[in-house]
Engineer: 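Starting off with a structure, shown below.
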Amino acid sequence: MRAMDEGPQEIRPLVYDGVMYIAHPNSDHLQALDATTGDLIWDYTRRTPADLREHVRLGGRTRHLAIYGTNIFHLSADAHLLAIDARTGEVAWES
């Protein structure tokens with residue numbers, strides 16, 4: 001069992017090669033877990049602009065993770081596409 005960030009939970013984890021990738025609600029918070037033991041492999045949180053809610057209505061649900069090659073892809077709350085290294089949790093690139 002692992003606690004999730006507060007918010008509407010409509011999680012659809014991405015599981016690949018023994019690792020479960022999770023996007024938490026209401027934030028750009030991603031985690032990679034060992035799918036067998038539940039142990040945390042890495043934890044990534046992207047800082048969003050403080051005034052983001054003044055410009056964008058956040059739905060609070062993050063249901064879109066994808067994997068291609070060695071990266072996990074995530075669309076941030078402020079419409080940035082992130083490529084996160086699936087092994088380390090480090091940002092490979094952002095656009």
Engineer: Can you tell me how far apart CZ (Arg46) and NE2 (His80) are? Round to the nearest 0.5 Å.
Structural biologist: 5.0 Å
Engineer: First locate atom CD1 of Ile22, then atom CG of Leu14, and finally report the distance between them rounded to the nearest 0.5 Å.
Structural biologist: 10.5 Å
Engineer: At their closest point, which heavy atom of Trp42 faces which heavy atom of Leu30, and how far apart are they?
Structural biologist: CZ3-O, 3.8 Å
Engineer: Measuring from atom CD1 of Ile72 to atom CD of Gln31, what distance do you get when rounded to the nearest 0.5 angstrom?
Structural biologist: 13.0 Å
Engineer: Looking at Arg87 and Thr70, what are the two nearest heavy atoms and their distance?
Structural biologist: NH2-CB, 3.8 Å
Engineer: If you measure from CD1 on Ile41 to OH on Tyr21, what distance do you get to the nearest 0.5 Å?
Structural biologist: 6.5 Å
Engineer: Please evaluate residues Phe73 and Ile84 with respect to the criterion side chain to side chain contact (heavy atoms under 4.5 Å, CB included), reporting the C-alpha separation (whole Å), side-chain torsions for both, the decisive distance (0.1 Å), and the verdict.
Structural biologist: CA-CA 6 Å; Phe73 292 89; Ile84 308 294; over 6 Å; no
Engineer: Kindly give the heavy-atom pair with the smallest separation between Leu33 and Gly38, and that separation in Å.
Structural biologist: CD2-O, 4.0 Å
Engineer: Search all heavy atoms of Leu81 against all heavy atoms of Leu75 and return the closest pair with its distance.
Structural biologist: N-CD1, 4.3 Å
Engineer: Under 4.5 Å between side-chain heavy atoms, counting indirect links through other Ile/Leu/Val/Met/Phe/Trp/Tyr residues: same cluster for Ile67 and Trp93 or not?
Structural biologist: no
Engineer: To check you understand the geometry: which heavy-atom pair defines the closest contact between Asp85 and Thr88, and what is its length?
Structural biologist: OD1-N, 3.1 Å
Engineer: What's the separation between atom NE2 in His74 and atom CG in Leu82, rounded to the nearest 0.5 Å?
Structural biologist: 5.5 Å
Engineer: Let me confirm one number: the CZ-CG distance from Arg12 to Leu65, rounded to the nearest 0.5 Å.
Structural biologist: 11.5 Å
Engineer: Could you tell me which non-hydrogen atom of Pro13 sits nearest to which non-hydrogen atom of Met20, and how far apart they are?
Structural biologist: CB-CG, 3.6 Å
